[in-house]
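For reference, the structure discussed in these notes is given below.
Chain identifiers are assigned alphabetically (A, B, ...) following the order of the sequence lines, protein sequences preceding nucleic acid strands; residue numbering begins at 1 within each chain. Note: hydrogens, waters and symmetry copies are ignored here, and every other heavy atom, side chains too, is used.
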Amino acid sequence: MKDNLPERLQSWYAHEKHRYEFRLKRDIYRTWITEIFLQQTQINAAKEKLKFFLATFPTVTSLAQGDISEVLQCFQGMGYYTRARNMHRAAQIIVKDHHAKIPTSYTALKKIPGIGHYTAAMLASIHGKEKILALDANHVRVLSRLYEIPYTAHSQSFADAARKYAEVFLESTMPPGDVNEALMQWGQIICTKTPKCSICFASEFCKSFQNNTQNLYPQKTKRVEAVLVNWIMLIYRYKDKYQVFFNDGNFPFLKGELLFASIIDNHIIPKNFSKKGINEIIRNAEKLPVDIHHAITHHKIAVKLMEKKHTLPNGDFFTLDELQKKCHSSLMQKVLKQLRNPKLF
DNA sequence: AAGTCGGGGCC
DNA sequence: GGCCCAGACTT
């Protein structure tokens with residue numbers, strides 16, 4: 001056993017490094033796409049979609065020339081659809097402003113849409129050998145416990161302290177990209193929410209292990225209470241085509257997506273929906289059972305579906321098959337599934 | 001610094 | 001039913 005921490009991390013990582021398929025062939029484009037796909041997403045949920053995406057858009061140029069609707073389809077069901085839009089826009093910027101070569105410096109990367117501190121630091125450390133600490137949830141858990149960092153996870157104070165403590169790794173013989181990836185894997189399989197200190201190579205260096213304070217770190221801000229949302233969806237249909245509306249941002253959920261006409265309290269889509277009928281619809285909906293339960297960050301959503309006989313002005317008409325491709329959210333997919341069940345309507 | 005934005009897996 | 005996750009962006 002080595003007697004200093006960076007060497008232990010390096011030998012542990014050399015032995016335990018995950019051989020992910022997306023790591024077999026590595027270039028900065030693939031690393032970039034991988035980081036975007038895995039943001040706030042578990043690897044198992046994303047890896048098949050990621051594989052398909054890299055086969056469909058193998059280069060930054062092919063992505064830049066690709067159709068945004070095709071890009072969005074690759075993200076179907078994964079949430080955070082703005083990351084798909086940002087990624088597509090970023091590819092066009094890289095082609096136009098960087099001769100289709102993704103920059104490798106942190107400063108240049110950070111200016112690209114959808115690339116924040118974490119992704120810029122990962123790409124610059126792996127592909128530019130910059131000694132810069134990435135900070136994701138895993139880094140936060142590992143470093144906060146190792147050094148008992150007394151600041152809340154997303155504060156500037158925490159970032160400053162973490163960067164200072166991480167110097168011992170970044171200034172070691174370990175390549176900076178490996179430092180960031182090893183810290184991440186450490187947090188992923190050992191320093192988990194309930195940490196596995198008995199198998200940790202670093203426990204004798206760890207302040208939280210010494211003081212038995214693992215559950216006090218990382219320090220967090222108090223959680224936000226979930227808000228209950230009653231969402232009435234109005235299903236307007238002409239023959240086999242259903243009417244949907246583009247959420248330009250006036251409706252509070254799923255901005256940029258196609259939605260059925262909807263009412264949530266005083267939010268309405270389409271916004272020119274006749275104000276007169278709304279109160280009656282809300283009254284009628286009170287007697288109806290909830291058709292779909294869904295959760296969106298800090299919200300518990302109860303959806304009631306009401307089939308309507310006529311149609312509204314504006315809006316677009318699509319068949320269920322078409323909507324299954326055009327609607328990317330799991331909520332709308334749940335609704336479409338209900339509409340396919342003839343017993344319910 | 002806090003709020004917003006999807007969704008699913010896990011306990 | 002709450003917590004958490006390979007975060008970025010706006011306010």
Measure from the side-chain heavy atoms of [X] and tell me the nearest of [options].
X: A:Thr119; options: B:dG6, C:dA8, C:dA6; answer: C:dA8
X: A:Val224; options: B:dG3, C:dA6, B:dG6; answer: B:dG3
X: A:Lys193; options: B:dC5, C:dC3, B:dG8; answer: C:dC3

Looking for any heavy atom pair under 4.0 Å, which part of the strands does [X] touch: base, sugar-phosphate only, or nothing?
X: A:Lys220; answer: sugar-phosphate
X: A:Glu181; answer: nothing
X: A:Phe75; answer: nothing
X: A:Ser330; answer: sugar-phosphate
X: A:Ser329; answer: sugar-phosphate
X: A:Tyr81; answer: sugar-phosphate
X: A:Gln39; answer: sugar-phosphate
X: A:Leu254; answer: sugar-phosphate

Nearest whole Å is fine: how far is B:dA2 P from A:His298 NE2?
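These atoms are roughly 13 Å apart.
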
In plain terms, say whether A:Arg26 and A:Glu181 are close enough for a salt bridge, that is, a side-chain N and a carboxylate O under 4.0 Å apart.
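Salt bridge flag = yes for A:Glu181 with A:Arg26.
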
Taking the nucleotide of DNA chain B with the nearest heavy atom to each, does A:Ser157 or A:Ala295 sit closer to the 5' end?
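Counting from the 5' end, the first nearest nucleotide belongs to A:Ser157.
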
Partners of A:Arg85 by salt bridge (Lys or Arg N to Asp or Glu O under 4.0 Å), sequence neighbours excluded?
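Result, salt bridge (Lys or Arg N to Asp or Glu O under 4.0 Å) vs A:Arg85: A:Glu257.
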
Please tell me if [X] has a side-chain N or O lying less than 4.0 Å from either OP1 or OP2 of [N].
X: A:Tyr20; N: C:dA6; answer: no
X: A:His294; N: B:dG7; answer: yes
X: A:Gln40; N: C:dG7; answer: yes

Starting from the C-alpha separation in whole Å, work towards a yes-or-no answer on salt bridge (Lys or Arg N to Asp or Glu O under 4.0 Å) for A:Lys47 and A:Glu21.
CA-CA 9 Å; A:Lys47 62 184 181 189; A:Glu21 189 173 343; over 6 Å; no

Using the closest heavy atom to pick a nucleotide of DNA chain C for each, name whichever of A:Met184 or A:Lys300 lands nearer the 5' end.
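So the residue in question is A:Lys300.
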
Closer than 3.5 angstrom, by distance alone: can the side chain of A:Gln219 be matched with the main-chain N or O of A:Ile149 as a donor-acceptor pair?
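No, the answer is negative, given that no donor and acceptor are paired below the 3.5 Å cut-off.
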
Has the side chain of A:Gln76 got a donor or acceptor atom that lies under 3.5 Å from a matching backbone atom of A:Gln333?
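No; zero donor-acceptor contacts below 3.5 Å.
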
Does the base of C:dG7 carry an N or O that pairs as donor and acceptor with the side chain of A:Tyr118 under 3.5 Å?
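It does not, because no donor-acceptor pair links the side chain of A:Tyr118 to the base of C:dG7 below 3.5 Å.
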
